[in-house]
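Whatever order the structure lists ligands and atoms in, that order sets their numbers, starting from 1. Scope of the values below: all heavy atoms of this structure, side chains included, with no hydrogens, waters or symmetry mates.
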Amino acid sequence: MKLASRHLLGLDGMSREEIALILDTAVSFREILDRPIKKVPPLQGKTVVNLFFESSTRTRISFELAERRLSADVVSFSTAASSVSKGETLKDTARNIEAMKIDMVVIRHAAAGSAHFLSRVVDANVINAGDGGHEHPTQGLLDMYTLREKFGKLEGLRVCIVGDITHSRVARSNIYGLITMGAHVSVCGPATLIPRDLEQLGVKVYHRLEDIIPEVDALNVLRIQLERQKSGLFPSLREYHRFFGVTKEKVSKAPGPITIMHPGPINRDVELSADLADSEHSVILQQVTNGVAIRMAVLYLLGTSN
Ligand code: CP
């Protein structure tokens, strides 16, 4: 089986079989990460360019590691040190890079739709590493991988995404992916940070953590984007923490242990208490490790199917 598209732009519209193919492929790559020699040859001779127009720690390092472990030649680009700072457009930047004969492009950009746009103007395979508030498909995939690793399945799993859903590409990719895989997905946050039409996607909406905590297997806690406070979407970080901060005390009300996830970077003691982030119920660092395996799987599937 192959992926239907030459690109990975989002999880919206991706079939259950395709998601399962990526997760299953990642299992073999995850095993390779535990070996003393972590390099394998499938992308030998291929050139991958990482175009990061927005800051990133995890995604950028994870993609670079994944590419190098598959033996690709890797070029990484950041906006500040490039001609973008002199006014060059995304289209010109991409076409100039492609003229240097590259095979794959990984792009992170603040504009929703930038990865789709790029896929229409270059011949290379395009992988979306986060486009504005739209999608972050490899994060959605690594979150599903981590849940499947922990629980052995996604079908019927009860997952609540907590926080700023409206502005979150991580939330969107998780919702599309998890629903396709048969999980029960809910969200919880202030009404100002949850889109009004979300229930149409099959997602249950909660505004009190106390109501959802007894009902879930896992909480995926999102970073509260500190700049949102200035726009009046929630009154103060203290108040946000009081009502929506996930703490040991709040999760202790659940009938059993709840798995704690976070895409990073964490605002400790704002959306998630530091002790819970570091507790035995947290899989936050497993998410990061699994991210490399997921990105290897995506690069492998796209890069070897041409
Ligand atoms: N999860 C995530 O996308 O983190 P970075 O912004 O550090 O890449």
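- Minimum heavy-atom separation, Asp269 to His241: O-ND1, 3.2 Å.
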Tabulation required: pairs of a nitrogen or oxygen in ligand 1 and a protein nitrogen or oxygen under 3.5 Å; columns are atom names and distance to 0.1 Å; otherwise 'none'.
from: ligand 1; atom 1: 1 (N); to: Gln139; atom 2: OE1; distance (Å): 3.1
from: ligand 1; atom 1: 1 (N); to: Pro263; atom 2: O; distance (Å): 2.8
from: ligand 1; atom 1: 3 (O); to: Thr59; atom 2: OG1; distance (Å): 2.9
from: ligand 1; atom 1: 3 (O); to: Arg108; atom 2: NH2; distance (Å): 2.9
from: ligand 1; atom 1: 3 (O); to: His136; atom 2: NE2; distance (Å): 2.9
from: ligand 1; atom 1: 4 (O); to: Arg58; atom 2: NE; distance (Å): 3.1
from: ligand 1; atom 1: 6 (O); to: Arg108; atom 2: NH1; distance (Å): 2.9
from: ligand 1; atom 1: 7 (O); to: Thr57; atom 2: N; distance (Å): 2.8
from: ligand 1; atom 1: 7 (O); to: Arg58; atom 2: N; distance (Å): 3.0
from: ligand 1; atom 1: 7 (O); to: Arg58; atom 2: NE; distance (Å): 3.2
from: ligand 1; atom 1: 7 (O); to: Arg58; atom 2: NH2; distance (Å): 3.0
from: ligand 1; atom 1: 8 (O); to: Ser56; atom 2: OG; distance (Å): 2.6
from: ligand 1; atom 1: 8 (O); to: Thr59; atom 2: N; distance (Å): 3.0
from: ligand 1; atom 1: 8 (O); to: Thr59; atom 2: OG1; distance (Å): 2.6
from: ligand 1; atom 1: 8 (O); to: Arg108; atom 2: NH1; distance (Å): 3.4
from: ligand 1; atom 1: 8 (O); to: Arg108; atom 2: NH2; distance (Å): 3.4

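- Note: Phe77 and Phe53 meet the aromatic proximity criterion, with ring centroids under 6.0 Å apart.
- The side chain to side chain donor-acceptor pair (under 3.5 Å) contacts involving residues 107-118 comprise Thr59-Arg108, Arg108-His136, where partners must be two or more places apart or lie in separate chains.
- The side chain to side chain donor-acceptor pair (under 3.5 Å) pairs that include a residue from residues 176-193 number zero, where partners must be two or more places apart or lie in different chains.
- Scored by the salt bridge (Lys or Arg N to Asp or Glu O under 4.0 Å) test, Arg16 finds Glu155 as partners (sequence neighbours excluded).
- Here the two rings, on Tyr300 and Phe29, have centers that are under 6.0 Å apart.
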